[in-house]
Number of protein chains: 2
Amino acid sequence: MAPTTSTRDNADRRPDARRQLRAAGLRVTAPRLAVLDWLAGHPHATADEVATAVRERLGTVSTQAVYDVLNACTRVGLLRRIEPAGHPARFETRAGDNHHHLVCRQCGRTEDVDCVVGARPCLDPSDTAGFEVEEAEVLFWGLCPDCRSTGAAPSSHAHHEEEGRA
Amino acid sequence: MAPTTSTRDNADRRPDARRQLRAAGLRVTAPRLAVLDWLAGHPHATADEVATAVRERLGTVSTQAVYDVLNACTRVGLLRRIEPAGHPARFETRAGDNHHHLVCRQCGRTEDVDCVVGARPCLDPSDTAGFEVEEAEVLFWGLCPDCRSTGAAPSSHAHHEEEGRA
DNA sequence: ATCGTTTTCTTGACTTACTCCAGATTAGGT
DNA sequence: ACCTAATCTGGAGTAAGTCAAGAAAACGAT
């Protein structure tokens with residue numbers, strides 16, 4: 001949040017990221033380092049949040065670059081993408097272990113939940129319908145503490161706030 | 001798929017839908033009946049597919065009307081909306097029971113999976129972080145039979161087909 | 001240290017899947 | 001049959017992300 005870092009390109013602040021990128025066969029670039037570095041301290045951020053943070057550090061970074069970085073890192077497994085229905089995608093550096101998420105229906109706030117079961121795919125469908133199942137994604141939907149206190153209980157349907165457009 | 005029905009408004013083909021709408025406090029309209037009726041025989045259809053099907057039956061129906069119907073019915077629980085990451089939302093009439101889904105990463109084909117556990121929320125997170133958990137959504141990701149045979153194994157990262165844009 | 005190749009970043013248009021708005025239309029109780 | 005609220009129509013608007021072409025870096029070899 002508070003950019004205590006100087007304006008100059010501080011590409012080496014997190015040697016981790018550098019190493020990880022190399023190991024994954026990706027080139028080490030300032031935007032990539034900045035994304036990985038910042039995301040390590042701010043899990044579950046949206047692409048937009050990442051872009052803002054990275055720009056604060058590096059100056060100008062194109063939206064496209066941010067998406068490219070996020071996609072490339074996700075592809076090689078350095079990042080994990082979570083896409084809760086109705087909310088923009090969120091990214092986290094905690095990838096690889098198989099943990100799940102708790103998502104607030106209202107504000108989209110996302111928290112980690114350790115896997116209830118254990119190893120991936122962690123659950124088995126009773127009938128796979130011929131599919132080759134690769135992963136079980138578990139999402140717990142609810143209301144975060146903040147949204148709970150701000151009224152608007154999601155209990156029964158039809159409260160005047162998500163009311164179609166009548 | 002084959003509209004064996006005559007072109008005229010066959011609003012009564014599915015007395016079920018009529019009854020359900022009334023019970024839910026929604027007005028009985030031709031688009032609503034058509035949507036519910038068709039969807040009953042074509043689960044996991046996208047809004048676009050629904051629109052096409054409904055137009056085949058009723059002639060002109062606005063996109064907005066389709067979305068309104070889908071949203072209204074979802075809101076009162078006559079329909080369930082599934083929104084797999086990276087794919088448009090899908091709708092099904094099997095709502096209320098708590099079953100899960102199997103989604104093809106490639107083509108988005110969706111199939112039902114009966115709940116492994118039982119009653120909602122069906123799973124409990126170890127630590128709710130202060131959230132009021134309401135539902136556990138389980139999505140099994142994989143490849144459907146068709147996409148499996150069309151090559152493109154999703155096994156390891158970086159095969160030339162989802163290659164960012166290099 | 002410099003070069004050349006390959007990957008990555010920039011700019012900016014475009015797409016998809018929806019939602020919003022204002023006004024015309026219609027359902028259904030009385 | 002009427003009235004009024006609920007529902008549709010048509011068209012613009014939005015959010016989130018993708019595509020494309022060329023400029024600029026990064027890496028490896030010289």
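All figures in this text were calculated on a predicted structure; none of them were measured in a lab. Proteins get letters first, then strands, A, B, ... in listed order; numbering begins at 1 in each. Hydrogens, waters and symmetry mates play no part in the numbers below; they use all other heavy atoms, side chains included.
- Taking atom CG of A:Asp68 as the reference point, atom C1' of D:dT18 lies 10 Å away to the nearest angstrom.
- The CG atom of A:Asn71 sits 15 Å away from the C1' atom of C:dT7 (whole-angstrom rounding).
- Under the salt bridge (Lys or Arg N to Asp or Glu O under 4.0 Å) criterion, A:Glu83 pairs with A:Arg81, not counting sequence neighbours.
- The nearest whole Å value for the distance from the CD atom in B:Glu83 to the P atom in D:dA15 is 17 Å.
- Atom pair A:Asp48:CG and D:dT14:P shows a separation of 16 Å (rounding to whole Å applied).
- Checking each of A:Leu78, A:Val54, A:Leu26 against A:Arg32 for a side-chain contact (heavy atoms from CB on, under 4.5 Å) leaves exactly one that passes, namely A:Leu26.
- Comparing atom distances between the B:Tyr67 side chain and each of D:dC8, C:dT11, C:dC18 picks out C:dC18 as nearest.
- Between A:Gln64 atom CD and D:dA24 atom P there is a gap of 18 Å when expressed in whole angstrom units.
- Remark: A:Thr63 pairs with A:Arg55 by the side-chain hydrogen bond (donor to acceptor under 3.5 Å, both in side chains) rule, at least two apart or across chains.
- Toward the 5' end of DNA chain C, the nearer of the two residues A:Ala65 and B:Ala47, judged by each one's closest nucleotide, is A:Ala65.
- Rounding to whole angstrom units, CG of residue B:Leu21 and P of D:dA6 are separated by 16 Å.
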Could you go through nucleotides 26-28 of chain D and list every protein N or O atom that sits under 3.5 Å from one of its N or O atoms, giving the distance for each pair?
| residue | atom | partner | partner atom | Å |
| --- | --- | --- | --- | --- |
| D:dA26 | N3 | A:Arg27 | NH1 | 3.0 |
| D:dC27 | OP1 | A:Val28 | N | 3.0 |

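- A salt bridge links A:Arg94 to A:Asp114: at least one charged side-chain nitrogen sits closer than 4.0 Å to a carboxylate oxygen.
- Distance check: B:Arg90 CZ to B:His101 NE2 gives 10.5 Å after rounding to the nearest 0.5 Å.
- When each of B:Val50, B:Val69, B:Thr93 is paired with B:Leu79, the side-chain contact (heavy atoms from CB on, under 4.5 Å) condition holds for B:Thr93 and for no other.
- Rounded to an integer number of Å, the gap from B:Arg75 CZ to D:dA6 P is 11 Å.
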